[in-house]
Chemist: 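The structure that follows is given in the form of structure tokens.
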Amino acid sequence: MKKIILSILAFSMFAVSCEDFIEKEERGTQTLDNYFQTAQECENYTNELTQRLLLSKDWYTLLAPRLVNETATDDAWMGNTGQDNAAFRPGAQYVITPDNMGGLNSLYTAHYYTIQSANIGLEKMAVSPISDAQKDQYMGESLFVRAYCYYELVNFFGAVPLYTKSLGTSDLKLERSPATAVYAQIEADLKESAAKLEEIPVARNGRINKWAAYALLARVSLFQEKWADAKLYSNKVITEGPYTLEENFLDIWNVNNHNGKESILEAQSSSIQNEALGSMLPTFSGARGEDKKNFPSNDAKDVIDGWGWCMPTSDLENAYLSENDVIRRRSTITKWGEAAYGDEVLNPTHKFSLNDNKSGRICRKYYIPIATRRTLDKKDGHLPLNVPLIRLAEMYLTRAEANYHTGGDALADINIIRDRVDLEPKTGISGPTLLNQIYKERRLELAFEGLRLFDIRREKDPTTGKRVIETLMGPNGTFVKYNLSSTDPYETTNTREAQDKGINFDPAKHLLWPIPQIERDLSGGVITQNPNY
């Protein structure tokens, strides 16, 4: 059945409305005309849409551009200094051009394939002979998928082509719609999604539910500075939703705690050995150059052959140290030779190739514990690490920022987040100091969870009014100056990745990525380019 669904989805990418084709009798063949006749068919189609949105099992199409975004911030280096960095360098070092976008190119095409498929599915399911309750579930999930695709597209590229109906071959040259219109459609889709999913039981199996729709509404409201809406939706998830914070921060990314009580939406994974259903993230960003001799067992089963991309910066580590934030630091960063947090007995001195690692650090959130490694005969493509996309802590931080701008109690929310990791509450701060603390808590809490670039592009320095990314990057950026004067023993001794990270940033163009030139060419020049590219 999965192969049938994939073929129909592939068909829907390019083909489109059935009126474009000669009508003929089809016997024994599933097409868009005779599919969507049962609840199972609608569910299978919706499941594949969700898989295409998340693609935790694919290393390039969506995972690569999401990691490139991380390396374009003050949180992460490209990291791998032993292999070709062509996928990462254009974005990470701000030398990107429309003709040379590296790994950022694929997300644009992939999301429009998914949007086209979602449009077709929504149209077909609306007239499917299934119950109204079944329609609500599958259409509600599909609307969320479409909204999430547009959420990423508008934050990557700004104004993008917007369409909500399946397109024929004569309709494929659409102009870009303003970002405001794209956001308006995202909001409309999420509100409709939440309404359709309102009566659907909230299952803990990773399916999209109404709370995911409300949580993404909170996020996109925050990104648009719609403070009242951001507060409304984040508060709704916090006070009415079934979620609670994990007591142990490390459990959020625990391989034995999939879809935990804090998780609102996760990309699913499995270690089933006869199917490649595992996440590629621990391989893509795992420590490069592990060796069995560096583990107490001296056993090759303890080794994962990581690729070593997207490695934490010492600047991020210093942010944790400045707050004496031991728990979140060790849950986010493991330095070379330091025990892997939570795995101290079996991996007391995690070592890897420093010749291939810019920072001498790896991301602990992406780490697979030794006990789990030993259960796997196949590792690549079989690693059981779910990837959180939205979780409850983000809602507290969203409500805190919204409260700051609407006169509410922002301190209470950030102190809830700090208390979870045994930090003293912040008291007696207000104004710019408080806003900067909210920004900092978002960085420390959500590092490597896909939000840092979007955050520093939208956040405004409360003193100067400039976007935070402008204060960090460029020749006079604080992050660039820190790197150029750094004495970090790992980063400064491996210069195969340039130490002047971020120096090429130009605020006149790098607040958005360029539209891939191939997409402009395919549109016959109808799609315009972002400024100064």
Side-chain angles (χ1 to χ4, degrees), residues 59 63-96 102-104 280-291 294 304-321 329-330 332-338 340 349-367 443 447-450 452-453 456 469 472-475 477-505:
W59 76 268
L63 193 55
R66 287 166 177 168
L67 289 180
V68 171
N69 262 15
E70 300 283 5
T71 65
T73 76
D74 49 349
D75 281 359
W77 298 92
M78 291 186 287
N80 182 333
T81 57
Q83 289 185 302
D84 183 6
N85 60 20
F88 279 83
R89 184 175 178 270
Q93 296 190 0
Y94 287 99
V95 292
I96 191 168
L104 288 167
M280 283 300 297
L281 185 57
T283 299
F284 205 169
S285 293
R288 184 170 178 79
E290 288 185 354
D291 193 303
N294 292 323
I304 286 181
D305 186 21
W307 299 352
W309 296 105
C310 194
M311 297 293 105
T313 63
S314 64
D315 184 81
L316 175 60
E317 183 179 25
N318 289 340
Y320 290 108
L321 294 173
R329 179 188 74 81
R330 297 198 65 196
T332 306
I333 299 171
T334 301
K335 292 174 73 169
W336 184 90
E338 181 181 66
T349 56
H350 195 181
K351 295 180 180 179
F352 38 86
S353 173
L354 290 176
N355 289 331
D356 295 322
N357 183 297
K358 168 66 176 177
S359 72
R361 296 165 176 84
I362 63 166
C363 180
R364 173 61 180 85
K365 289 182 177 180
Y366 304 157
Y367 172 80
R443 184 186 189 192
F448 296 101
E449 297 185 33
R452 183 59 178 169
L453 182 62
I456 60 177
I469 195 171
L472 296 171
M473 304 295 182
T478 56
F479 175 64
V480 175
K481 289 182 176 180
Y482 163 77
N483 286 327
L484 292 175
S485 62
S486 173
T487 58
D488 182 81
Y490 300 107
E491 293 171 345
T492 57
T493 55
N494 187 341
T495 56
R496 282 182 288 173
E497 180 173 347
Q499 191 65 22
D500 61 355
K501 176 176 170 60
I503 199 168
N504 297 311
F505 173 81

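It should be emphasised that the depicted structure is a prediction, and the values quoted were computed from it without experimental measurement. When a residue number appears, it is its place in the shown sequence, counting from 1.
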Chemist: Can you list everything that forms a side chain to side chain donor-acceptor pair (under 3.5 Å) with N294? Sequence neighbours excluded, please.
Modeler: none
Chemist: Between S285 (side chain) and P282 (backbone), is there a donor-acceptor pair under 3.5 Å?
Modeler: no
Chemist: Counting only N and O atoms by type, is there a donor-acceptor contact under 3.5 Å from the side chain of K365 to the main-chain atoms of E449?
Modeler: no
Chemist: So, does T81 use its side chain to make a donor-acceptor pair with the main chain of K358 at under 3.5 Å?
Modeler: no
Chemist: For T73 versus M473, what's the shortest heavy-atom pair and its separation?
Modeler: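 Looks like C-CE, 3.5 Å.
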Chemist: Within this structure, what is the CG-OG1 distance for the pair N483 and T478, rounded to the nearest 0.5 Å?
Modeler: 10.0 Å
Chemist: Apply side chain to side chain contact (heavy atoms under 4.5 Å, CB included) to the pair L67 and F284, showing each step before the final yes or no.
Modeler: CA-CA 9 Å; L67 289 180; F284 205 169; 3.5 Å; yes
Chemist: Which distance, rounded to the nearest 0.5 Å, do you find between the OH of Y490 and the CE of M311?
Modeler: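 Separation between the atoms: 14.5 Å.
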Chemist: In this structure, are over 12 heavy atoms from other groups packed under 6.0 Å from R89 atom CZ?
Modeler: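 Atom CZ in R89 is not packed in, count stays at 12 or less.
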Chemist: Might you point out which heavy atoms bring A447 and Y320 nearest each other, and give the distance in Å?
Modeler: CB-OH, 3.6 Å
Chemist: Kindly write out the residues that satisfy salt bridge (charged side-chain N to carboxylate O under 4.0 Å, His left out) with R364, not counting sequence neighbours, or none if the list is empty.
Modeler: none
Chemist: Restricting to salt bridge (charged side-chain N to carboxylate O under 4.0 Å, His left out), what partner residues turn up for R66, sequence neighbours left out?
Modeler: E152
Chemist: Suppose we screen for side chain to side chain contact (heavy atoms under 4.5 Å, CB included). Which residues come up paired with T349, at least two apart in sequence or across chains?
Modeler: K351
Chemist: How close do W77 and S359 get, heavy atom to heavy atom, and via which atoms?
Modeler: CD1-CB, 3.7 Å
Chemist: For A287, does its backbone N or O pair with a side-chain atom of N357 as donor and acceptor, under 3.5 Å?
Modeler: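 Side chain of N357 to backbone of A287, a donor-acceptor pair under 3.5 Å: no, none is there.
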Chemist: I'd like to know if the side chain of E70 and the backbone of G450 have a donor-acceptor N/O pair within less than 3.5 Å.
Modeler: yes
Chemist: Does Y94 have any ring-ring contact (aromatic ring centres under 6.0 Å, His included) partners at least two apart in sequence or in another chain, and if so, which?
Modeler: F505, H510, W513
Chemist: So, for R288 and W307, which heavy atoms are closest and what is the spacing to 0.1 Å?
Modeler: CD-O, 3.6 Å
Chemist: To the nearest 0.5 angstrom, please state how far the CG atom of N85 sits from the CD atom of Q83.
Modeler: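 Going from the CG atom of N85 to the CD atom of Q83 covers 10.0 Å.
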Chemist: Tell me if a side-chain donor or acceptor on K501 pairs with a main-chain N or O of A76 at a distance below 3.5 Å.
Modeler: yes
Chemist: Which pair of heavy atoms, one from S486 and one from D488, lies closest together, and at what distance?
Modeler: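 Smallest heavy-atom distance, with atoms named: OG-N, 3.0 Å.
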Chemist: Who pairs with E317 by salt bridge (charged side-chain N to carboxylate O under 4.0 Å, His left out), at least two apart in sequence or on another chain?
Modeler: R329, K335, R361
Chemist: For residues L484 and D500, determine if any side-chain heavy atom of one lies less than 4.5 Å from a side-chain heavy atom of the other.
Modeler: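 Yes; the side chains approach each other to less than 4.5 Å.
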Chemist: Kindly write out the residues that satisfy side chain to side chain contact (heavy atoms under 4.5 Å, CB included) with P65, not counting sequence neighbours, or none if the list is empty.
Modeler: L104, S106, L107, F156
Chemist: Test of understanding: with ring-ring contact (aromatic ring centres under 6.0 Å, His included), list the residues that count as partners of Y367, not counting sequence neighbours.
Modeler: H350
Chemist: Looking only at atom types and distance, does a side-chain atom of Y366 sit under 3.5 Å from a main-chain N or O of F448, one as donor and one as acceptor?
Modeler: yes
Chemist: When you measure from the side chain of E491 to the backbone of Q499, do you find a donor-acceptor pair of N or O atoms at a distance under 3.5 Å?
Modeler: no
Chemist: Keeping the roles fixed (side chain from W59, backbone from A64), state whether a donor-acceptor pair exists under 3.5 Å.
Modeler: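 Not a single qualifying donor-acceptor pair exists.
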Chemist: Is it true that atom CG of D305 has more than 12 heavy atoms of other residues, nucleotides or ligands lying nearer than 6.0 Å?
Modeler: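 At most 12 heavy atoms, drawn from other residues, nucleotides or ligands, come within 6.0 Å of this atom.
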Chemist: Among residues at least two apart in sequence or on other chains, which ones pass side chain to side chain contact (heavy atoms under 4.5 Å, CB included) with S353?
Modeler: N355, D356
Chemist: Looking at every non-hydrogen atom in both residues, tell me the closest pair between V68 and A92 and how far apart they are.
Modeler: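 Smallest interatomic distance, heavy atoms only, reads CG1-N, 4.4 Å.
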Chemist: Tell me, please, which residues at least two apart from W309 pass side chain to side chain donor-acceptor pair (under 3.5 Å).
Modeler: none
Chemist: For L316, does its backbone N or O pair with a side-chain atom of D75 as donor and acceptor, under 3.5 Å?
Modeler: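 It does not hold such a pair.
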Chemist: List for me each residue that meets side chain to side chain contact (heavy atoms under 4.5 Å, CB included) alongside D315, sequence neighbours excluded, and say none if there are none.
Modeler: D74, T313, R443, F479, Y482
Chemist: Return the set of residues passing salt bridge (charged side-chain N to carboxylate O under 4.0 Å, His left out) with E290 (not counting sequence neighbours), or none when no residue passes.
Modeler: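 Result, salt bridge (charged side-chain N to carboxylate O under 4.0 Å, His left out) vs E290: R373.
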